[in-house]
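These notes are about the structure you will find just below.
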Amino acid sequence: MSKSLISRRPVIRRGATSGAPREPGAGENPLRQLGWKPFFQQQLSLEELGDCDPVRVMAVHRSQIEVAGERGEESVLVSGALFDDAQEKPTVGDWLLLNRDSRKPVRRLERSSLFRRMAPGAHAVQLIAANVDNVLIVSSCNQDFNLSRVERYLALVRESGCRVCLVLTKADLSDDHETYREALRNHRDLPLVLVNALDAESIAPLRDWCGRGETLALLGSSGVGKSTLLNSLAGVELAATSAIREDDSKGRHTTRHRALYPISGGGLLLDSPGMRELGLANAEQGLADAFADISELAQRCRFADCAHESEPGCAVRKAMGTGKLDERRLRNWHKLGREMARNNRTLAESRADDRALGQFYRSVQSDARARKQGRSD
Ligand SMILES: Nc1nc2c(ncn2[C@@H]2O[C@H](COP(=O)(O)OP(=O)(O)OP(=O)(O)O)[C@@H](O)[C@H]2O)c(=O)[nH]1
Ligand SMILES: [Mg+2]
Ligand SMILES: [Zn+2]
């Protein structure tokens, strides 16, 4: 069964979200509903307060971005210096200042949080979303459940400093909830919610994660039910969803673009496509936090630079011998660590290349200037 639904986001009008009936509190500042906080307000100069409108980036397309602010939604053309540098380029969730009259972007405000990944196949970082407060790491209770993938997502989210909750969808299709809970035992410090994403009552505990003005990102692989959760939390079908493949429970990559959706009486939800590859880069702290048990054990190894392979006095391997730590988890930790080191090196090299290229251009320019001066002397 495949459901094709509208994927247009509702227009936000002054004092209302999602075209929903007015409710108590709905008359409050629309910027606050879009996630405007003192952290952003204090970045504005007096001049900017007079000349600019802050707007939130709701979706990014090839040549234009969709933003929302006090005037509702509008499209802004993507051009100029603000968009030249891939790292600096506005991403979904960013706050921009638009010139009040020309509606052109003036600058991007500093971010309170940022998700990024190593772009698959490229030697660059790709921005995923900015200014996210809370994250749901979504997996499903079926054969697509993959603990190593949860650990990867967790390292990324921990690095960002956002609040995180683990969500298991499709609990209605499984009799084996304990197995999934048990699989996640290393993450008992995190809230875990099992839901039927299609059922409004079942997802009620998740409402605490997307209160008014809060931005909640839904991360997880294709088919786990991110868009279904979004629709249920919004109470309106905002995003398209479609059935997973029967043979292996994998999704069909139904959601194609990242976008922020304001939900009635609540905050903003970020729906994103299930990411096939989520390469980690510059996320040392996130990795250490996601594997806090291994980080702690490692401090008890005899050698400070223990690689936890065959060194004597290795507390990590000892824990594995006694069954306190499982081999898959240790292997995944090694794998993610190696991958990150490789990606960090690639990024450092491409930055060095950029610097070298910059120096080359500057030297060509100064040679040309010197020649010109020589001719005119
Ligand atoms: N029974 C049941 N079906 C669910 C649940 N969550 C999602 N589904 C179904 O799973 C399928 C995939 O859901 P989507 O919401 O499209 O998944 P997604 O994570 O957005 O997938 P992508 O957009 O491809 O990344 C749909 O047919 C949903 O109806 C659940 O908790 N219970
Ligand atoms: Mg989707
Ligand atoms: Zn060791």
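Whatever order the structure lists ligands and atoms in, that order sets their numbers, starting from 1.
- The heavy atom nearest to atom 6 (N) of ligand 1, considering only Ala197, Ser174, Cys141, is found in Ala197.
- Listed by atom number, the atoms of ligand 1 under 4.0 Å from Leu173 heavy atoms are 1 (N).
- Of the polar atoms of Thr169, none of the N or O atoms is found under 3.5 Å from an N or O of ligand 1, judged by distance alone.
- Counting only distance, with no hydrogens or angles, the side chain of Gln43 and the backbone of Glu110 share a donor-acceptor pair below 3.5 Å.
- The side-chain heavy atoms of Ile203 and Leu229, taken from C-beta on, include a pair separated by under 4.5 Å.
- Distances between N or O atoms of Pro273 and those of ligand 1 include no value under 3.5 Å.
- Nearest to atom 19 (O) of ligand 1 by heavy-atom distance, out of His253, Lys226, Lys250, is Lys226.
- Of the polar atoms of Ile244, none of the N or O atoms is found under 3.5 Å from an N or O of ligand 1, judged by distance alone.
- The set of protein atoms (N, O or S) found at less than 2.8 Å from the Mg ion (ligand 2) reads Ser227 OG, Thr255 OG1, by chain and number.
- Not one N or O of Asp271 is nearer than 3.5 Å to an N or O of ligand 1, by distance alone.
- Within the listing of ligand 1, atoms 1 (N), 2 (C), 3 (N), 4 (C), 29 (O) sit less than 4.0 angstrom from a heavy atom of Leu198.
- The closest heavy-atom contact to atom 28 (C) of ligand 1, among the options Asp172, Thr228, Leu194, Thr241, comes from Thr228.
- Sorted by chain and number, the protein atoms of type N, O or S within less than 2.8 Å of the Zn ion (ligand 3) are Cys301 SG, Cys306 SG, His308 ND1, Cys314 SG.
- Residue Lys37 places its NZ atom among more than 12 non-hydrogen atoms of other residues, nucleotides or ligands, all under 6.0 Å distant.
- Under a 4.0 Å criterion applied to the non-hydrogen atoms of Ala243, ligand 1 contributes the atoms 27 (O).
- Each of the following atoms of ligand 1 lies closer than 4.0 Å to a heavy atom of Ser222: 21 (O), 22 (P), 24 (O), 25 (O).
- Interface of Gly274 with ligand 1, defined as ligand atoms under 4.0 Å from a residue heavy atom, comprises 25 (O).
- Panel note: side chain Asp94, backbone Val57; no donor-acceptor pair is recorded below 3.5 Å.
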